[in-house]
Each structure stands twice: as C-alpha cells, then as structure tokens.
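Reading through the structure tokens given below for one structure.
Note that the structure is a prediction, hence the values are computed from the model and not measured. The figures here come from the full heavy-atom set of this structure, side chains too, leaving out hydrogens, waters and symmetry mates.
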2 protein chains.
Amino acid sequence: MSRQKSQPYHHGQLREALATSGRTLLEEKGIRGFTLRECARRAGVSHAAPAYHFASIDDLLAELATRGFDELAAAMTAEAARADGSATGQLVAQGIGYMAFAAGNPALFQLMFSREANRLEAGPLAAASEAVRALHGAAVEAAIPHASGEIKQRMTDFAGASMHGFIALVLEGEIGGKDSSRALKARGLALLSAMAETVVRVGA
Amino acid sequence: MSRQKSQPYHHGQLREALATSGRTLLEEKGIRGFTLRECARRAGVSHAAPAYHFASIDDLLAELATRGFDELAAAMTAEAARADGSATGQLVAQGIGYMAFAAGNPALFQLMFSREANRLEAGPLAAASEAVRALHGAAVEAAIPHASGEIKQRMTDFAGASMHGFIALVLEGEIGGKDSSRALKARGLALLSAMAETVVRVGA
DNA sequence: TTTCGCCTCTTTCCAGCGTAAAGATTAGAA
DNA sequence: TTCTAATCTTTACGCTGGAAAGAGGCGAAA
C-alpha cells in the first residue's frame, strides 16, 4: 500500500486505501490502539493527508463502522441463501452469518456497537445499521406472519438480543472461554435454535 | 477532591480518589475520551502521581471495570432480594438489576465488556466478572433444578445472552431509540419474562 | 529524640498523538 | 498553455502516557 512511482503525489484512491489499512489496523490494535497517523503511514501518505477525506478520526472510524454494517448485512444474506427456505431456517441462518462476521472481525464488530463512532441521526452509519435491523426484523416477522404487531416487536427484541448478546459475550470471553472453536459453534447453534423455537412458539 | 492543607503532600487515599474521579470522568467522556492526566487533575494531584498506584492507564481502567463488576453483582443481588422467592421471579429480578446498572452506568458497562481492559487470567478483574457469571448461573440452575448439565449450560447461555444483548442494544440505540424510558422498561421486562418462560419450559 | 530509609508525590522530559495552517504539486478545464 | 481547484506534504501547537530524577514526609531504628 506504499506510494509508488506511478503515484508520486496524488494517491487517487486514498479514501479507499485508508479504509483498507484502517480496518487491518483496527483488528491488530483494537479501538484504543487505533491511531490516525499509523493508518496514514500504512497507506503510504503523510499523517495529515487523511484530513482531506475524513474530517476527524471519529469520521474515519464511522466510515469503518458503516462498511462493517454493510458487510454484516451481506454475511447474513449470504448465509440465509445457503439455508433451506423455512422461516425458522432463515432466522437461524441469519444468526449464523451474524455470529460468523463478529467472530471474524471482533474489533470492528466492537466498534460498530460501541457508540464511540458518533452516529449522526441521518448519517450513512445510521442507515447501514438500520439496514441490518430491517433484515433481521423481516426474518422474524416472516417466521410469525400471523402474530400481532406487539408480539412481533417483542420477538424481534428477543431474537436480536439473544443473537447479539451471545456472540458479544463470547468475544468478551464471558462465554466458552475454554471451549474449542467447534464446541463454541455448537453452543451458538443451540442458542439460535432455542431462540427460533421460542419465537415461533410465542408468535404462533 | 482537590488537595487540602490538611494533606499537603501525601494524599493518603489517592488510589480511592483516582477510582472515584476516574469513574465520573469515564461516564462524562467515554472510553476514548478518558485520559490519565485529567483523572489525576480531578483528584488534585500531578499527572504522574497515579503511576505509583496504577502501572498504566489500562491498569486503572481495569480497576474501574473490576469495581463495576462488584457493583453489578450487588445490584443484581439487591434487586433479587426485593422480588418474590420463586425461581423465575429471582431470575427476572436479577435481570432487572443487571439492566438498571447498565442503564445507569453506560460507559462503565461498556468498558467492563469491551476487552479494552486487559483481563489477566487470574487477575481480580476476571474474578469479579466470574462472580457475576456465577450469580446468574445459580439463578438459572435454581429455576431448572432437574435439568441435565447440558441443558443447564444452554439455558445459562440463553438467559445471559438475551439479558446482556438486550441492554447492550438499547445502550447502542439499536433498540427503542424513540421509546420513552417507561416504554423501554416495559420492553425489557417483556424480554426478561419471555426469557424466563423459555428457560423453565425447556429445562422442565 | 534524632537520623535514616522508604514511600509518596512533583517536576521535568520525551516521543507520539490529532488537528490546523501554510506551502508544494498535480490534474484538468479554459 | 495557463490557471484554478483538488490533493498531498511540511510545519507547528497543545495535548497525551510514561520514564526519570528530585523533593517532601512518615515511621522505624538507633
């Protein structure tokens, strides 16, 4: 990612390059260890160059979080496409995609749900996170089409909370600290199954 | 908290004072806005004074997180004491205490579950967080005394995940962004009820 | 009681940080 | 070709966490 002779001054793709180097840097050093200067260094530009593309370090972090939400939505959709067409199958598959993304990008996942990235109300970050919520909400409602609006809301809360809470606690080491990766996946799957069962039972 | 004539040089209670000023500072500025120097300033000492009591800023943050876990355990116990003696009542009450603590100390709660505080395996932080887990695990097992060990584990995962996930998503604004505080409490209570019902149903 | 050593805190210093301002360079339009 | 705006570098500032050295105060040993 360092500057080449073919790009002696204008980088041309600096915004993209910063997002790329920023993402790896974030996973390597964590949120507190993330610095704008190191990010610029890895992109091969001076430490002040990012200022033109991002108003502040928080702005860059918000961009990373936004891209994270986009990718999370894609992971949920992709996993759902691989599952059978049943409503509960879709719901569980979405959860698998959600957890797999979180496990593969723990620091980014933490940033996305950390409130450190200042999400302006109408900003792209809020839209991207809303898209994930919509995806999940649709899956829950599809599983309980005849339920009342209130039940649907409660079951969406319930499904989202258990799915998110489980992987969050796993990443934190609060759950399955000594478990193998395989055993952990089984626990996750068991949780998603119990969640889906409850949703259809209450919402029937 | 500034230095008085009665304590011209030796502070005497500096460790405590730093933990106190650190806690308010954390809630005011968030994890990323937390600085050791401002913390020392508020305690009325020079910026290098904390070094004697805390090896690094991460060490101070770990102390704050540890105290947070102690307080969280106390909040869960206190709320459970106010509830009826039924096993599910205890489980729900613990959840209320958990959520109330998180809502009242959002930045601290986030720090506790942020992996930023480097939790050494055998450190006091790990012990304090383990105590909270034990408290919750005992409540779940008391609700399903005849269940197998595997079911108990799965239901502990399940209960902990939904409880933690819900309040985490609320703090993040992912759930109930427009709701009033009252409505939000109702949603939380509904979630805890659904959680407890599922635990006793599956574990029966 | 005096002295001495250790604990606690301050002062000073350093490199690194985010950000602002000004200068340099380039691309593309006129 | 020349001019202008966009992009990047250089420089500078106040802040940060931490290390090192010095000062002050307490308690034990004489």
Side-chain angles (χ1 to χ4, degrees), chain A residues 1-26 28-65 107 111 114 116-118, chain B residues 1-26 28-65 107 111 114 116-118:
Chain A
M1 203 59 67
S2 60
R3 196 147 48 92
Q4 302 299 327
K5 280 178 289 183
S6 58
Q7 297 172 341
Y9 210 97
H10 274 56
H11 190 291
Q13 311 276 34
L14 185 51
R15 190 180 171 92
E16 281 298 313
L18 287 171
T20 303
S21 67
R23 172 148 179 183
T24 43
L25 177 60
L26 180 64
E28 279 181 30
K29 302 292 179 61
I31 296 180
R32 266 182 76 83
F34 185 95
T35 73
L36 196 57
R37 287 169 107 108
E38 173 65 19
C39 185
R41 226 172 275 135
R42 294 188 179 199
V45 294
S46 78
H47 70 270
Y52 190 84
H53 299 277
F54 300 98
S56 68
I57 188 173
D58 287 324
D59 198 36
L60 171 52
L61 289 175
E63 170 77 16
L64 294 179
L111 171 69
S114 74
E116 296 290 338
N118 62 340
Chain B
M1 202 58 69
S2 58
R3 195 147 48 92
Q4 303 298 330
K5 281 178 290 184
S6 60
Q7 297 173 343
Y9 209 98
H10 274 57
H11 191 292
Q13 311 276 33
L14 185 51
R15 190 180 172 92
E16 282 298 314
L18 288 170
T20 303
S21 67
R23 173 149 178 182
T24 42
L25 177 60
L26 180 64
E28 280 182 31
K29 303 293 179 61
I31 296 180
R32 266 182 76 83
F34 185 94
T35 73
L36 196 57
R37 287 169 105 108
E38 174 64 19
C39 185
R41 225 171 276 136
R42 295 188 179 200
V45 295
S46 78
H47 72 269
Y52 190 85
H53 300 277
F54 300 98
S56 68
I57 187 172
D58 287 324
D59 198 36
L60 172 51
L61 289 175
E63 170 77 16
L64 294 179
L111 171 69
S114 74
E116 297 288 338
N118 62 340

Rounding to an integer number of Å, can you tell me how far [X] [atom1] sits from [N] [atom2]?
| X | N | atom1 | atom2 | value |
| --- | --- | --- | --- | --- |
| A:Phe54 | D:dC8 | CZ | C1' | 15 Å |
| B:Lys29 | D:dT16 | NZ | C1' | 13 Å |
| A:Asp58 | C:dG18 | CG | P | 10 Å |
| A:Asp59 | C:dT19 | CG | C1' | 14 Å |
| A:Arg15 | D:dT7 | CZ | C1' | 14 Å |
| A:Phe34 | C:dG18 | CZ | C1' | 12 Å |
| A:Tyr52 | D:dT7 | OH | C1' | 6 Å |
| B:Gln13 | C:dC7 | CD | P | 18 Å |

| request: Spell out yes or no: do the side chain of A:His47 and the base of D:dT10 have one donor N/O and one acceptor N/O closer than 3.5 Å? | output: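 No, the side chain and the base share no sub-3.5 Å donor-acceptor pair.
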| field | Phosphate-side-chain proximity, B:Ser46 and C:dT11, N/O vs OP1/OP2 below 4.0 Å | value |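 For B:Ser46, the contact criterion (side-chain N or O under 4.0 Å from OP1 or OP2 of C:dT11) is not met.
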| query | Reckon A:Arg41 has a side-chain N or O less than 4.0 Å from the OP1 or OP2 of C:dC17? | reply |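 Answer is yes, contact under 4.0 Å.
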| task | Kindly write out the residues that satisfy side-chain hydrogen bond (donor to acceptor under 3.5 Å, both in side chains) with A:Glu38, not counting sequence neighbours, or none if the list is empty. | result |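 For A:Glu38, the residues satisfying side-chain hydrogen bond (donor to acceptor under 3.5 Å, both in side chains) (neighbours in sequence not counted) are A:Arg41, A:Arg42.
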Of all heavy-atom pairs between [X] and [Y], which one has the smallest distance, and what is that distance?
| X | Y | value |
| --- | --- | --- |
| B:Cys39 | B:Leu60 | SG-CD2, 3.9 Å |
| A:Asp59 | A:Phe54 | OD2-CA, 3.6 Å |
| B:Pro50 | B:Leu36 | CB-CD1, 4.2 Å |

| said: Between A:Arg37 and B:Thr35, which residue's closest nucleotide on DNA chain D lies nearer the 5′ terminus? | reply: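 Its nearest nucleotide lies further toward 5', so the answer is A:Arg37.
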Kindly point out which of [options] is positioned nearest to the side chain of [X]?
| X | options | answer |
| --- | --- | --- |
| B:Ser56 | D:dT9, D:dG18, C:dT8 | D:dG18 |
| B:Ala48 | C:dT10, D:dG17, C:dT19 | C:dT10 |
| B:His53 | C:dC9, D:dT7, D:dC8 | C:dC9 |

| said: Could you go through A:Glu63 and A:Arg15, starting from their C-alpha distance and side-chain angles, then the distance that decides it, and tell me whether this counts as side chain to side chain contact (heavy atoms under 4.5 Å, CB included)? | reply: CA-CA 10 Å; A:Glu63 170 77 16; A:Arg15 190 180 171 92; 2.9 Å; yes
| Of A:Ala51 and A:Glu38, whose nearest nucleotide on DNA chain C comes first from the 5' end? |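 Residue closer to the 5' terminus by nearest nucleotide: A:Glu38.
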